[in-house]
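Inspection log for the structure reproduced underneath, given as structure tokens.
Positions are given from 1 along the sequence. These numbers were taken from a predicted model, which means no experiment stands behind them. Excluded from the calculations below are hydrogen atoms, water molecules and symmetry mates; all remaining heavy atoms, backbone and side chain alike, are included.
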Amino acid sequence: MPTETFEFQVEARQLLQMMIHSIYSNKDVFLRELVSNASDALDKLRLEALRDDSLDADVSDLHIAIETDRQARTLTVRDNGIGMSHDEVVQLIGTIANSGTAKFLRELKEAEETAAAEGLIGQFGVGFYSSFMVADEVTLLTRRAGESQGTRWTSTGEGTYTIETVDGAPQGTAVTLRLKPEDTDDQLHDYISPWKIREIVKRYSDFITWPVRMAPEAANGADDAEGTDDAPREPETLNSMKALWARSRDEVGDDEYHELYKHISHDWSAPLETIRLQAEGTFEYQALLFIPSHAPQDLFMQGYQRGIQLYVKRVFIMDDCEALMPPYLRFVKGVVDAQDLSLNVSREILQQDRQIQLMHRRLAKKVLSTVKDMMSAEPERYATFWREFGRVLKEGLLSDFENREAILGVSSFATTHDKDEPTTLRQYVERMKDGQEYIFYLTGESRQAIENSPHMEAFRAKGVEVLLLTDPVDEVWVEAEPEFDGKKLRSVAKGEVDLGTEEEKKEAATEREGRQQEYADLLGWMTDRLSGTVKEVRLSSRLTVSPACIVSDMHDVTPALENMYRAMGQAVPQVKRILELNPGHPLVSGLNRAHAERGEDAGTGLQETAELLHDLALLAEGGELGDPSRFVRLMADRLERTL
């Protein structure tokens, strides 16, 4: 049969050289591309056979075969799928990106940087040409099912290719690569080695529908396909074909799910929860996700590897797909398999499109709804989940405003209601006292420090429940003043406190007015003397035991948050706070009498007492003194006078 020689189009030649030299970062993926193309061909043949009863095609044993010849240094990937006609070879293979070459060239000229140019070619599906990364010559032999003649296409990947018609070609497509010499420095491995082929197929093509078989290697001209007693050895099936996410729940046991989880996560423990998701319609994908039973040690370390593997039509694409899961769910492991997804030509970069955003949103909502179901149906498992991952989940309150209500709904917090059992916001709201407007909370380094804080005294006396927030992330998300079920969250260390029934509030207001007049001179004098450290001195309605406490204005940044910002290198202006005095404490009432007696002649003794009162309040909440040595000196003087 005559052989025709063609030249690549100029733009196709440019694209081919880019494919060979700069598109792929890992040369191993050439085999993934060839196996993926073969799988597609088998899918198409099965569909065509169902549509056309007259199609003369053998569909009894559809498979993919990998054959090697060490002496000739060739590797062949063969399928018995739909195959291609002569015209299809000319159209699809010879011109590479037949439907978009001109558009690609135009965009390539418009792109200023090579990296930007590489991102433009994801729409053409030309992974076949990745073969030239590892091969000096590529030969494609194909015959379309139902036709009698086949076509052979051959090229060295330079400027030309040849096409000839052949008789006797088997149904399907065989791609034979004459491999380049091994060069580990250039990541050119020994692709004839059986172990290397097994490794690549297991990594990228383990779950595709069709069996991938490897024939015994032929080397040194001998037929190594024969085993003992001259009996031919059976080909080895390299892939498991067990895409558990594509099978119904009834067909898969928990042990199989757990094995897949251990394979993905490298965790020896069984997962806490298994989540299945199947999306149908215009964009189809399947997901099989796992919530681990314990948090990894590096969960909060920079560079933590997330565990969502991305597949397209069961072909492995990416190991750590950050785009599919928000950072606050980075502990979730699993597999997402899409039927069609916009990738760049190397399949190593996701195009940021609506499909990715849809999957991202749907997967996050599915995980949160699963946790919600776990909370109501399996409280013990939920308790384990929250103990291990509650701290990281609360990060979503800072970033995922769309799901903030859902995250709050599945969150638990330590509370004054029960020293052992945490509470949900739903449970807190159900226990709220009549007339209570807010969900009260207090942040701090530990439960003990918060419970002993002066800010808690009135709430303890009135029996009002307070959430005890001790995680560093709590300092940040509560500043957004979120609300739950129509009730705003409010710090007990901010603003004025007004507890009790309406009648009690009226009585307290009347009493407060009388006290205000009684202490007006002292408050004004102390505000003036402490103006360098506080913005105001006022009477407190939250203290029952302690003489004083320091609070923030309702919208001021807390000292702990100030320190966090400064630790991150951010400049934060110093915020003056409010000193509240307990008029029922002997120290405060005595100070008021002394000031009333001495008036404007109040000496350094009263000023030092006012300063000590402020520093004691600061220490009581766990704050840092501005001048510790002065505080120690003043305290030593006071103690000496008592002897």
Side-chain angles (χ1 to χ4, degrees), residues 383 386-387 390-391 394 397 407-502 504-505 508 540-561 577-578 580 582 584 617-623:
W386 189 254
R387 183 178 65 251
R391 181 180 166 194
K394 285 188 288 187
L397 296 170
I407 297 172
L408 282 175
V410 298
S411 298
S412 292
F413 308 95
T415 174
T416 55
H417 176 73
D418 191 316
K419 71 175 185 178
D420 297 319
E421 293 295 327
T423 190
T424 66
L425 294 184
R426 176 66 59 196
Q427 292 169 333
Y428 181 103
V429 170
E430 291 173 353
R431 290 193 297 263
M432 285 175 62
K433 293 182 175 296
D434 292 339
Q436 183 177 336
E437 300 179 29
Y438 302 102
I439 298 173
F440 291 107
Y441 69 88
L442 184 59
T443 59
E445 293 185 356
S446 67
R447 181 186 183 109
Q448 181 180 7
I450 296 175
E451 287 183 325
N452 293 332
S453 170
H455 302 108
M456 297 286 292
E457 292 176 4
F459 294 86
R460 188 181 300 111
K462 294 284 187 180
V464 177
E465 184 176 357
V466 178
L467 303 179
L468 312 177
L469 308 181
T470 57
D471 289 332
V473 69
D474 293 330
E475 290 284 354
V476 186
W477 70 263
V478 293
E479 286 296 310
E481 293 189 39
E483 63 176 44
F484 180 80
D485 198 24
K487 303 289 185 181
K488 287 189 175 182
L489 276 73
R490 181 170 176 178
S491 172
V492 303
K494 283 188 173 186
E496 297 273 9
V497 169
D498 199 7
L499 302 176
T501 64
E502 290 299 323
E504 290 173 335
K505 290 178 182 179
S540 177
S541 58
R542 74 185 82 219
L543 295 174
T544 60
V545 178
S546 301
C549 69
I550 297 180
V551 300
S552 301
D553 256 346
M554 186 57 66
H555 301 291
D556 282 350
V557 176
T558 64
L561 196 55
R577 302 173 71 203
I578 300 168
E580 288 192 349
N582 179 4
L618 191 60
L619 288 174
E621 71 167 12

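Remark: Glu445 engages no residue in a salt bridge (Lys or Arg N to Asp or Glu O under 4.0 Å) (not counting sequence neighbours). Residues satisfying the side-chain hydrogen bond (donor to acceptor under 3.5 Å, both in side chains) criterion with Glu451, sequence neighbours excluded, are Arg447. Annotation: side chain to side chain contact (heavy atoms under 4.5 Å, CB included) contacts of Ala548 (sequence neighbours excluded): Leu579, Leu581, Leu613, Ala617. The side-chain hydrogen bond (donor to acceptor under 3.5 Å, both in side chains) check on Asp471 picks up Lys394, with sequence neighbours excluded. Not counting sequence neighbours, the partners of Lys494 by the salt bridge (Lys or Arg N to Asp or Glu O under 4.0 Å) test are Glu479. Applying the salt bridge (Lys or Arg N to Asp or Glu O under 4.0 Å) criterion to Arg426, with sequence neighbours excluded, gives Asp485. In this structure Phe459 satisfies the ring-ring contact (aromatic ring centres under 6.0 Å, His included) test together with Phe440, sequence neighbours excluded. For Thr544, there are no side-chain hydrogen bond (donor to acceptor under 3.5 Å, both in side chains) partners two or more places apart in sequence or in a different chain. Taking the salt bridge (Lys or Arg N to Asp or Glu O under 4.0 Å) definition, one finds that Glu421 meets it with nothing, sequence neighbours left out. Partners of Ser412 by side chain to side chain contact (heavy atoms under 4.5 Å, CB included), not counting sequence neighbours, listed by chain and number: Tyr382, Trp386, Pro422, Thr424. Residues passing the side-chain hydrogen bond (donor to acceptor under 3.5 Å, both in side chains) test with Arg431 are Thr423, Glu465, sequence neighbours excluded. Annotation: side chain to side chain contact (heavy atoms under 4.5 Å, CB included) contacts of Ala620 (sequence neighbours excluded): Pro454.
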